[in-house]
Amino acid sequence: MTCTADSVVAAIRAVAQVVIEHKAELSHLDREIGDGDHGENLAKGFTAVVAKLDTTSTPTPGAVLKLVATTLISTVGGASGPLFGTAFLRAATSCGDAQTLDADQVVVALKAAVDGVVARGKAEIGDKTMVDALIPAAEAARSAADAGGSIADVLTAAANGAESGAASAIPLRARKGRASYLGERSMGHADPGATSVTYLLQSLAVGAAGTAAAAVES
Amino acid sequence: MTCTADSVVAAIRAVAQVVIEHKAELSHLDREIGDGDHGENLAKGFTAVVAKLDTTSTPTPGAVLKLVATTLISTVGGASGPLFGTAFLRAATSCGDAQTLDADQVVVALKAAVDGVVARGKAEIGDKTMVDALIPAAEAARSAADAGGSIADVLTAAANGAESGAASAIPLRARKGRASYLGERSMGHADPGATSVTYLLQSLAVGAAGTAAAAVES
Amino acid sequence: MKKIINDPTTVVQEALAGLAAAHADLLKVSYDPMFIARADAPISGQVALVSGGGSGHEPLHGGFVGAGMLAAACPGAIFTSPTPDQVIAAAQAVDGGAGVLLIVKNYTGDVLNFETAAELAEAEGISVATVVVDDDVAVKDSTWTAGRRGVGGTVLLEKIAGAAAARGDDLDSVAAIATRVNDQVRSMGMALTPCTVPHSGEPSFTLADDEMEMGVGIHGEPGRERMKLTSADEIVATLLDSIVEDLPFQSGDKTLLFVNGMGGTPLVELYLAYNSARKYLAERGIEVSRSLVGNYITSLEMQGCSITLLKLDDEFTQLWDAPVHTAALRWGV
Amino acid sequence: MKKIINDPTTVVQEALAGLAAAHADLLKVSYDPMFIARADAPISGQVALVSGGGSGHEPLHGGFVGAGMLAAACPGAIFTSPTPDQVIAAAQAVDGGAGVLLIVKNYTGDVLNFETAAELAEAEGISVATVVVDDDVAVKDSTWTAGRRGVGGTVLLEKIAGAAAARGDDLDSVAAIATRVNDQVRSMGMALTPCTVPHSGEPSFTLADDEMEMGVGIHGEPGRERMKLTSADEIVATLLDSIVEDLPFQSGDKTLLFVNGMGGTPLVELYLAYNSARKYLAERGIEVSRSLVGNYITSLEMQGCSITLLKLDDEFTQLWDAPVHTAALRWGV
Ligand SMILES: Nc1ncnc2c1ncn2[C@@H]1O[C@H](COP(=O)(O)OP(=O)(O)O)[C@@H](O)[C@H]1O
Ligand SMILES: Nc1ncnc2c1ncn2[C@@H]1O[C@H](COP(=O)(O)OP(=O)(O)O)[C@@H](O)[C@H]1O
Ligand SMILES: [Mg+2]
Ligand SMILES: [Mg+2]
Ligand SMILES: [Mg+2]
Ligand SMILES: [Mg+2]
């Protein structure tokens, strides 16, 4: 089964809710090794996204992702604004005008998003940034798709990849972003951005699984 | 027995020591209903006085008191500077060129000092200022002298008068000086200046009693 | 106590040395007795403004020494008025033959020390006039108090009277203008936190996390009333209610609105409070034609603000706009 | 959290409204997207300087908008960089046809957002140059970090480059001068206390009563090292040791010494620190020919200071002395 513009919209709304729920926690993580605004930044951005979705018609998955991208870029600020924005923008481009996406297209879009973040932020894996969660996520998604997995399988794999990637970054010393100013003092703390992208992918996975289940029932 | 320039110098040195010992306490009282500097102000002034006494020759009691006055005026600052300064200046004037002072001259000098403070500060008894300690002190000294008391008796009476005057001012609402800004909130606190003049007179009394005792022995 | 200092007993001297080094073109400092004078003083034939008071209110007064404002400032120890010998020495150093106007904030200590100084200066043949500033409406002026305190209005008075002196007015006229400013200006302040005098090391008072001190003085004296912390709009309204009703300021009045920080409050909060004050005054038809926002008369690191409102006439406005060149206020040069 | 505010979410907007009302002669404010522009912009034929960054550093950057300095400033949320659409709108509003120089403090968020803005502005046909300020020696510039942060040097760079633009230099020359300032300036800061971002309500870090944070950033980021609180002379020496050895500054160099407050530190401590810095530099034969002392690039109510040292040449000195008319820096007009 494939995913439509409407299910992408539903997925984004779910993501927005999850981000807002974890706002305080994400800002707390950012206070530990940053400037304490990551939760507010994303909550502000996704609140704006939801408002935009309510008032804008988005015929294709790509159109939805493009709207998310431009809204995040113009509302978030901070490092995560352009990074999340670029991710959604690249994903949108990779979707083109497709009316629906299958598992493979989802993986390709995810890979494009990750490449976009790397291109913008120039972070490598091990720098203790969201990239440490994103790259394993894209790889896990790829293998799940190659093994014939559904969209739900692919996104679940991605979420798990992100989670373990984020976890493995905890002991590391940050080399990019604000946390890098702390040098060794950044070690032992979870990276806010790696954590937020993990929540984002987990929300997508749960949503996709739900849709799939619903589809089976019907 | 009478008092000489030297015994006045010794008395002032003793006063300086007492003021410095009570510096923190006086500033604490001033923090309660003022700006917390009364102890520092007087300690600074009397430290300068002692230094001046070490280097200046003061042939008469009046000369000693004049030196104290000018030094306090030029070093204390704050309300207490000109007030203590005026007090010592008027006392000095009342002593003239006398080589020694008897009990009656001491009372006259004390009265002149008190009148000087009232003239400068325009405070009345009951305004919760040093005047509340000084006026009873002068009155008690007068009666002690009239009763034929010695310098020690006179100063002891003055010290006791000041102490009870300062105590009776505690419940009052300040109407002069910084404490007056507090209105009713000044009630229930001891007035720093009334307290410091009490210590000053007590130190003089103790000193005079000591000298008298010494005189008897010899 | 957390401060960037070396020794509590030398804070004022060291800060003065810094001021002198940073502004050698503007001012010179004498250390014993302590005063700050215009580098080019005395200005022959020009009335010289001499002010002073306890330190800890920077930039007041030393930051206002220079062309178009003060000829000299006498800093006392922190929160303690200067001594008469400082004032006399300063007056002698800057008197250009046209006399000296002493500007004194109404605190017993300042008044008594400047009074003594004035007597001695007169005796030295310097013609002296004195204006006592008492603009703080937090203190009821009655036989029950030492009278209103001099606060934010002092800054405006020093600027306007300084411009009058610079324009060549004689001592009586400058004193008259200064007195007129004091008649037309009202202020009130509040604090979110106390401050700590270096040599004492103890906070001047204590406030709970949800309390503020209304009508606070600038020496860490507690204020008129302790209240629960509220919004900027309510704080500003409380301050302006007392200020506006006191003069009173009326619809149609032209004013200078001065929102002052107590030293530890960031500019973003001061501009926010200024915005709130503008709305309050607009609703009452009171026009704001001149403004000053910033930390100009402070209480060390105290957090809080004060509002000062001056009723302007054409002469005040002209004198306010006239060039001034000091460390803390500068325009037109 | 004790602040004079109404609502944590509207602090920046309300403060901007205050700034606009207090300085209507100097600047105008756009609220959506948010930017502050010179009242008389665009100035045809003149290069326009556009800067910006998170709010909470006031007077930076809005207080530096005006003749001889910035054409526009884009304030983000507190401590959060502005978004590209703000920068594009500001650039369009102030471009006088001679191009726009973007002045960006080196933080990932600012760099990425201004980068995105530059791409889009170019696409709109505005010629854009960018200079990234990274003068903070507290951060070792290596593959181990996002590179040095932009701090106090930004103020000096905006003044000097602004004067170059006002004098009529073209975009390349103004950008070249700005780059040269960045090459010649070094800074480092320290904090006695943390600060609290209004919408978070929690202090950015915690320090014991006897601790200070050395090499602190201006966003409440913890610094290079936590140390026991020590004397002003030792604090200044620690900051200047890193600054002087880095460029390095040498005996005989002419410099501009800028002692900056973090927002909650009173002027008396800043002048005391300035005095201490003068002694340190004099011992090393480093001449201070220009000075700036005050709160110019702050971290809300944080207590602490930073020192910035710029190596001066004749051109820098001329451009520094050139007239400037902004809310926070004014001389020669
Ligand atoms: N160069 C970079 N590449 C990828 N991600 C980055 C980079 N720099 C920072 N990040 C991510 O951004 C997160 C911080 O985002 P946020 O707090 O919103 O922005 P800011 O640091 O500007 O306050 C970090 O936790 C990190 O995951
Ligand atoms: N008008 C006055 N007449 C007499 N004594 C006064 C007057 N005003 C203040 N005082 C005394 O001065 C004391 C405060 O002195 P001090 O703290 O040294 O000066 P300041 O109030 O200037 O800080 C008060 O406790 C009070 O006794
Ligand atoms: Mg952050
Ligand atoms: Mg006192
Ligand atoms: Mg005092
Ligand atoms: Mg941020």
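These figures come from a predicted structure and were not determined experimentally. Order of the sequence lines fixes the chain letters, A, B, ..., with proteins taken first and strands second; residue numbering starts at 1 for each chain. Side chains are part of it too, since the values below use all heavy atoms of this structure and drop only hydrogens, waters and symmetry mates.
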The interface call for D:D233 against chain C, heavy-atom contacts under 4.5 Å, is both
If we define contacts as heavy-atom pairs under 4.5 Å, which of C:L292, C:D209, C:T298 has the most with chain D?
C:D209
Between C:I4 and the options D:V268, D:L192, D:T230, the side chain to side chain contact (heavy atoms under 4.5 Å, CB included) test singles out D:L192
Given a strict heavy-atom distance threshold of 4.5 Å, which part of D:Q303 is in contact with chain C: side chain, backbone, both, or neither?
side chain
Applying a strict 4.5 Å limit to non-hydrogen atoms, the region of D:H57 in contact with chain C is neither
How long is the straight-line distance from CG of D:L19 back to CG of C:L272, given to the nearest 0.5 Å?
12.0 Å
Which atoms of D:C195 are under 4.5 Å from chain C, going by heavy atoms: the side chain, the backbone, both sets, or neither?
neither
Between atom OG1 of C:T10 and atom CG of D:N275, what is the distance when rounded to the nearest 0.5 Å?
10.0 Å
Any side-chain heavy-atom pair of C:Y274 and D:E14 under 4.5 Å:
no
Under a 4.5 Å heavy-atom cut-off, does chain C meet the side chain of D:R330, its backbone, both or neither?
both
Verdict with reasoning, D:N295 to C:L267, per side chain to side chain contact (heavy atoms under 4.5 Å, CB included)
CA-CA 9 Å; D:N295 290 279; C:L267 216 45; over 6 Å; no
Taking all non-hydrogen atoms of both residues into account, name the closest pair between D:R278 and C:A21 and its distance.
NH1-O, 3.4 Å
Check for a donor-acceptor pair, side chain of C:K2 on one end and backbone N or O of D:M212 on the other, with a separation under 3.5 Å.
no
Can you tell me which of C:V12, C:I235, C:D7, C:L300 forms the most heavy-atom pairs within a distance under 4.5 Å of chain D?
C:L300
Side chain, backbone, both or neither: which part of D:M190 has a heavy atom under 4.5 Å from chain C?
side chain
Where on C:H23 is there a heavy atom nearer than 4.5 Å to chain D: the side chain, the backbone, both, or neither?
side chain
Given a strict heavy-atom distance threshold of 4.5 Å, which part of C:L229 is in contact with chain D: side chain, backbone, both, or neither?
side chain
For the candidates D:A273, D:A328, D:P266, D:G62, which exhibits the highest count of non-hydrogen atom pairs separated by less than 4.5 Å from chain C?
D:P266
What's the shortest heavy-atom distance between C:V293 and D:A22, and which atoms?
CG2-CB, 4.2 Å
Enclosure of C:K279 NZ (heavy-atom neighbours >12, cutoff 6.0 Å):
yes
Based on non-hydrogen pairs under 4.5 Å, which of C:E269, C:E211, C:E58 is most in contact with chain D?
C:E269
Rounded to the nearest 0.5 Å, the OG1 atom of D:T265 sits from the CD atom of C:E301 at a distance of 8.5 Å
Whatever's closer than 4.5 Å to a heavy atom in chain C on D:A327 counts as side chain
Side chain, backbone, both or neither: which part of D:S291 has a heavy atom under 4.5 Å from chain C?
side chain
Flag, side chain of C:N6 to backbone of D:A232, donor-acceptor distance under 3.5 Å
yes
